[in-house]
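Structure record follows, encoded as structure tokens.
Below, all heavy atoms of this structure are taken into account, side chains as well, without hydrogens, waters or symmetry copies. Order of the sequence lines sets the chain letters (A, B, ...), proteins ahead of strands, with each chain counted from 1.
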Number of protein chains: 2
Amino acid sequence: MSKPRSRRGGGRPTIADVARKAGVGAITVSRALREPGRVSEDLRRQILAAVDELGYVPDPNARALASARAEVFGVLVPSLTNNVFAEVVRGIYDSLSDSPFRIQIGNTHYSGLEEERLLQVFGSQRPAALIVAGIDQTPGARRLLENAGCPVVQVMETGPDPVDMMVGFSHLDGGRTATEHLLQTGYRKIGFIGARMDPRSQRRLAGYRAAMEAAGLFDPRLVTTTPVPSSVSLGRELFRDALAKMPTLDGVFCNNDDIALGVLFECHRASIGVPKQIGIVGFNDLDMMQVSFPSITSVRTHRYEIGTLSVAMALAAIAGNRPQQRIVDLGFELMRRESTAR
Amino acid sequence: MSKPRSRRGGGRPTIADVARKAGVGAITVSRALREPGRVSEDLRRQILAAVDELGYVPDPNARALASARAEVFGVLVPSLTNNVFAEVVRGIYDSLSDSPFRIQIGNTHYSGLEEERLLQVFGSQRPAALIVAGIDQTPGARRLLENAGCPVVQVMETGPDPVDMMVGFSHLDGGRTATEHLLQTGYRKIGFIGARMDPRSQRRLAGYRAAMEAAGLFDPRLVTTTPVPSSVSLGRELFRDALAKMPTLDGVFCNNDDIALGVLFECHRASIGVPKQIGIVGFNDLDMMQVSFPSITSVRTHRYEIGTLSVAMALAAIAGNRPQQRIVDLGFELMRRESTAR
DNA sequence: GCTAATCATGGTAGCGCTACCATTTGTCTG
DNA sequence: CAGACAAATGGTAGCGCTACCATGATTAGC
């Protein structure tokens, strides 16, 4: 009784099965599903009924092969656990959840080589768009992006020379603004504490340095950094190092909020008054910054929006209308709180 | 001069180009890349040289279509920003980074319906394996998993009835252990504070309740929960609610570490002594728990290992040797710290 | 009223790869 | 040394879908 199935394939219904059941050509089924406007009302109804009855689901692999284009967004981030990128990725997911696009995330581990390798892998499937964190691609990675044959959005930062499109903000300005705030509040011996000094951290440091030099207060001994990945406990340790090096420290600009929280805890532990003896500023403005005691001043960045906007721009480009503005600076906002309120 | 390229396709080299250049059949190239052992040393060298020279990269879509199997791991998690799942996902990525497998993550937003939809999407590409968080799939989702035709690993929890394999631990035991620790330390009016009460949170609550009932101390007014997503600031708010409801509270078991941190901050703010007046226990043991002041007792869970082990089990199953032990309980560890040291 | 443009549909021929089934050669057994 | 068997290689025929190019039917234009 069972009709003979082809030897390969899992026996799932194919577009030909649907076409047969609906009494139309396979190509019409294909069109009914992808460009409903090009198929007459009548046939469309019949076809959708057949699709439903058979439980037909198009095979994305066959589709990608035939059309030389996979319905996949490739996303490259340097870390999955860093809340900053997690928020960007969340924005990307939320913006794509009602679209046919699937998402493939690559974790570069802050390595240019790994980024190139992943770009190669991603490129081989002809993705619909690529979203990559950062603007400091290796020459090889940049070439891969330029030849990807799809919209590319660089996110997290803005810069002068986009591969295609960019959504981010200026980390240098962010670092400078944070430092200037400490200076304006009256702090003088302001340290910089940073872990995992990736290019964006470097630019925040550059912003700090610019502000300190403008005030005639820069001293290299005020800077404490490490390549080790950032964490709250590391923030505590680095702060102790900084204090040992420079006991008269009266403020710190922390490269991120984890570090800032570690500093705050160490202040509690060592009975150092915040904001009286030490002012603390963080970066990113995670939720906990406003809850801590004292609450911590931080530079709010629009991470989720970076994700959603990058998708919107990529989708527009896919649809054929590239946004006029290819570089979008979403800015940042200094959130003044108790940790610098003296 | 230019040899005519086929009208479709991006003009990238194909397996036929490599075969021609190496002077062998296409199928031999295919084998040289996938099962090197089955091709003679000589040919293999020639083929790899041709691959290199042409810059050939296999098309994963064509491969998936021809072999009815995509080299993709589908991963389903309820949240991308929750550090707990981020760690699991990181373990998955690290274990798969040297393999040919790509990863596709789906975000279910804690919704069974969304989980079913994503399972449908993932299933349509015939993934090599599926890793899903949780054991409380809807009947529809469960059916999709059973018919996926690939290894399936349910992670985060263990339970009696796996679809295929399981890696996790008992949240009920975790909740009970945390609560018993508070009881043994002498706390009596112990509250439970939890946000986003997903099935795992419910079971931690059940563990709390079991311990409290065993001690004859359970009182429903000690329990404060909300379906709202968890955050540090929410922890603070819920703790205030809990105190308002039950001013004599002398301990809290927090459903996770964010909540615990919020509670700690509120204690600082309201000058409530920790651990003297209130004992605090968190869940998951994020890095910051050991750094906070006072440091916070928490139940350490092995999230990264859940990720790596789930991949190892899936890979073994793909290779044909399913692990004997299909359910692996990775347990947890109570980390006693200052917040309960009285 | 006749040609030209538009619309709705279908047939054919791949997309780039691998499963399946030869074929050839070399090696082992009795 | 014949027959059996394994190892190395290749040819063919799809996998399930869509791009491209017809085809016939309708409408528009002058």
d(CZ, A:Arg20; P, D:dG16) in whole Å: 12 Å
Can you see which heavy atom on A:Asn82 is nearest to which on A:Tyr110, and at what distance? ND2-OH, 3.6 Å
Whole Å only: how far is the CZ atom of B:Arg63 from the C1' atom of C:dC15? 16 Å
Set of side-chain hydrogen bond (donor to acceptor under 3.5 Å, both in side chains) partners for B:Ser111, sequence neighbours left out: none
Only counting residues at least two apart or in another chain, list the ones meeting side-chain contact (heavy atoms from CB on, under 4.5 Å) with A:Pro36. A:Arg44
Run the side-chain hydrogen bond (donor to acceptor under 3.5 Å, both in side chains) test against A:Asp164 and tell me which residues pass, sequence neighbours left out. A:Arg322, A:Arg326
Go through the structure and list residues passing salt bridge (Lys or Arg N to Asp or Glu O under 4.0 Å) with B:Arg117, not counting sequence neighbours. B:Glu114
Can you measure B:Asp59 atom CG to C:dG14 atom P for me and round it to whole angstrom units? 18 Å
Which atom pairs link the protein and nucleotides 23-27 of chain D when you take only N or O atoms and keep those under 3.5 Å?
none

Double-helix bend of the helix from C:dG1-D:dC30 to C:dG30-D:dC1, axes at both ends from 5 pairs, round to 10°, gives 20°
State which residues pass side-chain contact (heavy atoms from CB on, under 4.5 Å) with B:Gln324; sequence neighbours excluded, sorted by chain then number. none
A:Tyr304: ring-ring contact (aromatic ring centres under 6.0 Å, His included) partners, not counting sequence neighbours: none
Using whole Å, report how far CD of A:Gln125 lies from C1' of D:dC17. 17 Å
A:Gln46: what forms a side-chain hydrogen bond (donor to acceptor under 3.5 Å, both in side chains) with it, not counting sequence neighbours? none
Rounded to whole Å, how long is the line connecting atom CG of A:Asn61 with atom P of C:dC17? 14 Å
Set of residues satisfying side-chain hydrogen bond (donor to acceptor under 3.5 Å, both in side chains) with respect to B:Thr308, sequence neighbours excluded: none
Please report, to 0.1 Å, the donor-acceptor pairs under 3.5 Å made by any side chain of residues 49-66 of chain A, with sequence neighbours excluded.
| residue | atom | partner | partner atom | Å |
| --- | --- | --- | --- | --- |
| A:Glu53 | OE2 | A:Lys21 | NZ | 3.4 |
| A:Asp59 | OD1 | A:Asn61 | N | 2.7 |
| A:Asp59 | OD1 | A:Ala62 | N | 3.2 |

Sorted by number, residues from residues 25-48 of chain A placing a heavy atom under 4.0 Å from DNA chain C are A:Gly25, A:Ile27, A:Thr28, A:Arg31, A:Arg38, A:Val39, A:Ser40, A:Leu43
I'd like to know if the side chain of B:Arg102 pairs up with that of A:Gln125 as donor and acceptor (distance under 3.5 Å, no hydrogens or angles considered). yes
To the nearest Å, how far apart are A:Leu65 CG and D:dC17 P? 12 Å
